[in-house]
Amino acid sequence: MADELVSPATLLYFLDMIGVIACAIAGTLLAQHKGFDISGCILVSMVNAIGGGTLRDMALDRHPLFWMTDLNYVIVITITSVVIQVFFHLYHKIDNALNLFDAIGLAAFSVIGFKVALAQDVSPLIAVMMGVWTSIVGGLMRDIICNELPLVLQREIYITASVAGSVTYLLLDHFGMDAGVNEFIMLGVIFAVRMLALRFDWHLPSIRLVK
Amino acid sequence: MADELVSPATLLYFLDMIGVIACAIAGTLLAQHKGFDISGCILVSMVNAIGGGTLRDMALDRHPLFWMTDLNYVIVITITSVVIQVFFHLYHKIDNALNLFDAIGLAAFSVIGFKVALAQDVSPLIAVMMGVWTSIVGGLMRDIICNELPLVLQREIYITASVAGSVTYLLLDHFGMDAGVNEFIMLGVIFAVRMLALRFDWHLPSIRLVK
Amino acid sequence: MADELVSPATLLYFLDMIGVIACAIAGTLLAQHKGFDISGCILVSMVNAIGGGTLRDMALDRHPLFWMTDLNYVIVITITSVVIQVFFHLYHKIDNALNLFDAIGLAAFSVIGFKVALAQDVSPLIAVMMGVWTSIVGGLMRDIICNELPLVLQREIYITASVAGSVTYLLLDHFGMDAGVNEFIMLGVIFAVRMLALRFDWHLPSIRLVK
């Protein structure tokens with residue numbers, strides 16, 4: 001993910017790191033709330049930030065795992081977590097920024113998971129699932145460890161935004177869109193859907209004909 | 001699992017799908033009860049139906065994962081979950097059918113996990129464990145995600161039924177039983193033990209000499 | 001891990017088994033407390049004792065998994081769990097022994113995970129993480145299954161002791177210490193830190209400048 005120096009890959013890597021930072025912050029805040037100690041908070045922030053990608057790569061048999069060859073992930077997460085633990089009292093001021101970072105992360109993680117899966121020659125349906133997997137499994141594992149009902153499965157537009165982006169990519173690809181441009185359209189769609197859902201308080205309903 | 005067209009394999013595949021449907025229904029019902037949205041319910045039903053087999057194949061280093069090459073799994077689960085979400089109000093009418101489906105799934109999943117492990121040349125003891133693993137880990141993960149104490153670990157005859165079937169297979173195999181026939185005897189034993197346990201309310205005790 | 005007959009490897013294997021027994025006891029006791037049945041208790045004790053090493057080997061792509069080739073693990077865990085279930089009433093008498101066993105296990109698991117990772121040519125930072133991973137993920141998974149807030153992430157000196165041992169190893173290695181000797185220094189450091197933390201009730205603080 002980090003090896004190319006050409007511009008689109010670099011930008012995606014940069015957005016990926018923003019997502020990693022957002023996840024590290026979210027994980028640390030919940031872990032602190034649960035009374036975990038310094039190292040416990042770091043561990044939860046790691047699970048939140050790289051747990052989804054780790055499980056994805058294990059499922060796709062991609063070895064070595066990305067964070068074993070690119071140490072930036074582990075270093076960035078550890079520093080972010082420690083900084084947040086020290087300056088926890090500034091939390092209220094970072095709330096809005098966190099939502100923004102989180103939406104960037106959702107978009108970047110989805111695109112990366114989707115691309116990685118396509119590169120392994122799986123069916124498009126599986127690639128859509130891997131985009132979702134990469135972007136939500138980390139948060140799912142964070143909530144499981146912290147003994148909370150997973151936020152991403154509740155009435156929040158996470159999975160839906162990721163799927164919307166992947167489906168847009170597949171449709172445009174069908175009509176011959178250039179892959180590099182398409183990738184950024186996918187990024188934009190996911191980011192937009194998530195931010196609009198936050199701003200206008202959109203929720204996916206539970207469907208049920210009668211109660 | 002799906003490639004052979006000969007009758008026993010086809011039948012096992014059919015029973016496998018019944019198990020998958022049972023797990024998808026059970027996962028969806030619990031997820032709805034927890035207030036998850038449409039996509040959250042689908043995710044929990046996937047974990048319930050194919051989570052055990054996924055982790056088994058990752059542990060045995062069998063790649064690509066079965067549901068990545070045979071899309072029927074993901075499609076059947078998604079359709080089942082959506083149908084159940086729409087017709088949730090019919091739940092009471094499907095309760096008994098669900099128990100039946102669930103027992104079929106327990107038997108089919110155990111046989112598949114056991115066979116897959118033996119084909120990887122592991123020891124019989126490990127094959128017995130892989131039968132159990134395939135049949136219960138999905139339900140275990142469903143309950144973990146839904147923040148419930150796992151049902152399969154409580155006083156229900158799930159693990160025991162799976163082990164009884166595997167041990168029967170190994171014993172009969174020792175006495176020269178044909179593998180194809182033996183497989184169906186194993187299926188029958190697991191199904192029978194589970195259904196009898198349900199009907200006569202059998203429970204495995206906690207063992208303790210004195211309190 | 002078990003193949004060499006030379007003394008240091010044999011000793012490490014012996015300490016590893018003590019750790020496995022400690023984890024099997026701890027897992028069984030919690031599972032009994034939660035009302036799980038015989039097979040449920042065995043399953044939790046397996047997760048506690050070999051879950052961390054299993055996930056580590058899956059992450060490092062080391063196959064077959066260690067407990068699939070060396071059946072001693074599964075057999076020792078099963079026997080330990082059944083014995084504890086039968087003699088649960090003796091629990092109070094084994095409490096102190098359990099802490100001792102647990103500290104031995106923490107040290108042995110950390111050294112094994114650290115060594116295994118180094119042998120896979122990963123960066124030292126990742127090796128330190130793998131030592132932590134091997135020694136705490138089993139307990140983490142036990143608490144997740146039992147619907148408890150993970151003990152190892154709370155203010156207990158587990159992760160810290162493991163990291164202290166790994167860092168000591170790396171420092172001494174830098175100054176040319178023989179690997180065989182160094183391994184036992186690492187074992188000793190982890191064991192000492194954990195036992196001292198227990199005896200003097202050391203806890204890692206939560207860090208926060210102001211509330």
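Labels below follow one simple rule: chain letters A, B, ... track the order of the sequence lines, proteins then strands, and each chain is numbered from 1.
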Subject >> Min side-chain heavy-atom separation A:Leu65-C:Leu60 under 4.5 Å >> reply: no
**OP:** Identify the heavy atoms of C:Ile159 and A:Gly40 that sit nearest to each other, and give their distance.
**Re:** CD1-N, 4.3 Å
**OP:** Give, as side chain, backbone, both or neither, the part of C:Gln120 having an atom under 4.5 angstrom from any heavy atom of chain A.
**Re:** neither
Subject >> C:Asn147 side chain vs A:Asn147 backbone, donor-acceptor pair below 3.5 Å >> reply: no
**OP:** State the CD1-CG distance between A:Ile145 and C:Asp143, to the nearest 0.5 angstrom.
**Re:** 11.0 Å
Original post:
Under a 4.5 Å heavy-atom cut-off, does chain A meet the side chain of C:Leu149, its backbone, both or neither?
Top reply: both
Original post:
Is the closest side-chain heavy-atom distance between A:Leu71 and C:Ile126 below 4.5 Å?
Top reply: yes
Subject >> chain C contact via A:Leu43 - side chain, backbone, both or neither, heavy atoms under 4.5 Å >> reply: side chain
Subject >> Approximate separation, where rounding is to 0.5 Å, of C:Leu153 CG and A:Cys41 SG >> reply: 9.0 Å
Original post:
Which bit of A:Met68 comes within less than 4.5 Å of chain C, counting heavy atoms only: side chain, backbone, both or neither?
Top reply: both
Subject >> Distance, nearest 0.5 Å, that separates OG of A:Ser39 from CD1 of C:Ile136 >> reply: 8.0 Å
**OP:** Could you please spell out the steps behind the side chain to side chain contact (heavy atoms under 4.5 Å, CB included) verdict for C:Asp61 and A:Asp61?
**Re:** CA-CA 8 Å; C:Asp61 201 22; A:Asp61 201 22; 3.9 Å; yes
Subject >> Spacing of A:Thr78 atom OG1 and C:Met129 atom CE [to the nearest 0.5 Å] >> reply: 7.5 Å
Subject >> Part of A:Leu55 within contact of chain C (heavy atom distance under 4.5 Å) >> reply: neither
